[in-house]
Amino acid sequence: MANIKPFACVRPDQKVASRVAALPYDVYNREEAKEAVKGNPLSFLNIDRAETQFDDSVDTYAPEVYQKAKELLDGMMADNTLITDNEKCYYIYQLIMDGRAQTGIVACSSIDDYQNNIIKKHEKTREDKEIDRINHVDICNAQTGPIFLAYRANNTINQVVSKQIKKDPLYHFISEDGVTHNVWKIDEKEDVEAINIAFSNINEIYIADGHHRAASAVKVGLKRRQENPDYTGEEEFNYFLSVLFPDEQLKILPYNRAVKDLNGHSKMEFLEMLSKNFKVTLMGTEAYQPAEKATFGMYLDEQWYELKAKGSITAETDPVKSLDVAILQDYLLHPVLGINDPRTDRRIDFIGGIRGLKELERRVRKDSRVAFSMYPTSIQELFAVADAGLLMPPKSTWFEPKLRSGLFIHKL
């Protein structure tokens, strides 16, 4: 049973919410982050990426960077740019992109549920990325970026959400990328109780996006437990900031691939090698997006091809090996193009589906030899991998729209 609790949220004053809200810290490199905060001192990215406040000679992970983040956060709370709600509430966060809405519950999730695998993972985390956010959370004494969680849709939660979103929202704005953001506060006692009970009857919650943030928040919580041996389990450090979405509302975009060269093969040799495991069909110059599983688009020499996996490949039932990203890796990228470890091989690059197929064409013209358009992983495939206790291959999922940081902050 999942322990998903309401909390006293630190959040922007209504008048400045749209200016505070920022894309997640990890979608930017340092140069992009510096550019993004120019002219907007209220952007939460100033806190999430406080190295933007320093000259480039200061290391991104220097101690003074995290201290600056704390100073900025404390300053925004002191001048009431950020306010703290007195009561513990749930919140509703709705994002609308291209006419499609996804509506989640903002709450705090238990680090014990993470440890006990009630909150399930599907991705391997990197220690260096964890250390950065551990320092950020610990020094700021706050979790500033929510973890994107998913659960199998629940009628009780759906009913409460449907009732609440008929009210005027706490926040309503459209961000620069055209995404509409709506927020409501759930403070009626009976609705808070109904959500709490509903989640307590759900046995599986899944990390959709934010594995590093989740792992870091949990490690800070465990550190605080060591520092406070008399802890009760109710302290805020025992929980981490989350937005939980029902599976039926989520859409995963493809995570496309581009490769620098053909591994020493000529074009004809390459196409001939592909024909062993794929039916190769020339599609012409119009960009090709696969419409079904085990099918891939390929852009090579100004032409698009369709690759359809053959025979026993499509009958694979293993939850990882049956993923399209695994099929491409196991039957093409590794044996033909020599990409042994896509996590470390610099010959391969990954391109989020939000950027479209024209980006694949651009990359092939600029710095790659061949690119592949993918059929997206489904949320049910993600659940199946996590339920089996397995890990997805790298860059298997791309979620849009991205949750904004700064709208909800959980103080420890």
Side-chain angles (χ1 to χ4, degrees), residues 9-84 93 95 97 106 128-148 170-183 209-210 212-213 216-217 241 243 352 354-355 398-411:
C9 185
V10 177
R11 55 183 182 82
D13 181 87
Q14 212 165 12
K15 297 188 291 293
V16 296
S18 63
R19 292 168 61 197
V20 172
L23 283 165
Y25 75 96
D26 52 0
V27 306
Y28 300 97
N29 61 32
R30 182 168 183 160
E31 185 181 348
E32 291 167 339
K34 286 184 79 168
E35 190 62 32
V37 301
K38 270 185 185 174
N40 188 5
L42 294 185
S43 170
F44 206 80
L45 192 61
N46 291 293
I47 293 169
D48 268 348
R49 294 289 295 272
E51 75 272 21
T52 58
Q53 312 301 300
F54 294 89
D55 184 85
D56 285 349
S57 63
V58 176
D59 186 77
T60 298
Y61 310 114
E64 57 264 39
V65 170
Y66 301 106
Q67 288 297 334
K68 186 65 174 180
K70 174 178 167 38
E71 175 191 318
L72 291 171
L73 178 60
D74 290 348
M76 289 177 78
M77 293 180 68
D79 68 13
N80 291 323
T81 301
L82 298 173
I83 59 177
T84 305
Y93 184 17
L95 302 96
M97 184 176 107
V106 186
D128 58 333
K129 285 190 169 186
E130 284 185 25
I131 290 170
D132 168 46
R133 287 301 107 174
I134 287 170
N135 288 333
H136 195 277
V137 171
D138 201 24
I139 292 169
C140 288
N141 198 40
Q143 296 150 359
T144 60
I147 316 306
F148 187 155
L170 185 66
Y171 305 137
H172 166 75
F173 62 91
I174 300 174
S175 50
E176 289 179 358
D177 55 2
V179 176
T180 299
H181 302 263
N182 295 314
V183 172
D209 203 7
H212 287 94
R213 271 169 282 161
S216 303
L241 181 64
V243 187
I354 192 68
R355 303 182 74 172
W398 181 280
F399 284 93
E400 285 286 346
K402 301 292 185 191
L403 310 184
R404 267 30 181 200
S405 295
L407 291 177
F408 314 99
I409 300 154
H410 176 224
K411 289 288 284 182

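Because the structure is predicted, anything quoted here is derived from the model rather than measured.
Between the N80 side chain and the I83 main chain, no donor and acceptor come within less than 3.5 Å of each other. When atom types are taken as modelled, the side chain of N40 and the backbone of R19 share a donor-acceptor pair closer than 3.5 angstrom. At least one donor-acceptor pair under 3.5 Å links the side chain of S216 to the backbone N or O of E130. Using modelled atom types, no side-chain atom of R213 and backbone atom of I147 make a donor-acceptor pair closer than 3.5 Å. Side chain of Q14 to backbone of L170: a donor-acceptor contact under 3.5 angstrom is found. A donor-acceptor contact shorter than 3.5 Å links the side chain of Y171 to the backbone of P12. The main-chain N or O of S175 is never found under 3.5 Å from a side-chain atom of R404 such that the two would form a donor-acceptor pair.
Of all the heavy atoms in P401 and L95, the pair that sits closest is CG-CB, 3.6 Å. Closest approach of I139 to Q67, counting heavy atoms only: CG2-NE2, 3.7 Å. Residues Q53 and L72 come closest through the heavy atom pair CG-CD1, 4.0 Å. Contact detail for Y28 and A36: the closest heavy-atom pair is CE2-CB, 3.8 Å. For I47 against H136, the heavy-atom pair with the smallest separation is O-NE2, 2.8 Å. Closest approach of L23 to L45, counting heavy atoms only: O-CD1, 4.3 Å.
Between I354 and F399 there is no side-chain heavy-atom pair separated by less than 4.5 Å. Within the 4.5 Å cutoff, the side chain of D132 has heavy atoms near those of the Y66 side chain. Between R11 and V183 the shortest side-chain heavy-atom distance does not fall below 4.5 Å.
Distance CZ/R133 to CD/Q143: 12.0 Å, rounded to 0.5 Å. Note: T144 OG1 to L407 CG = 12.0 Å, rounded to the nearest 0.5 Å. Atom CD of E35 is separated from atom OG1 of T52 by 11.5 Å, given to the nearest 0.5 angstrom. Atoms CG and OH, on D128 and Y61 in that order, are 6.5 Å from each other to the nearest 0.5 Å. Distance check: T180 OG1 to H172 NE2 gives 6.0 Å after rounding to the nearest 0.5 Å. Rounding to the nearest 0.5 Å places CG of D48 at 8.5 Å from OH of Y25.
We find that K129 and D26 are not joined by a salt bridge, their nearest charged nitrogen and carboxylate oxygen being 4.0 Å or further apart. A salt bridge does not link E31 to K34: none of the charged nitrogens lies less than 4.0 Å from a carboxylate oxygen.
Within a 6.0 Å sphere centred on CZ of R30, other residues, nucleotides and ligands contribute more than 12 heavy atoms.
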Derivation of the side-chain contact (heavy atoms from CB on, under 4.5 Å) call for D177 and K402: CA-CA 10 Å; D177 55 2; K402 301 292 185 191; over 6 Å; no

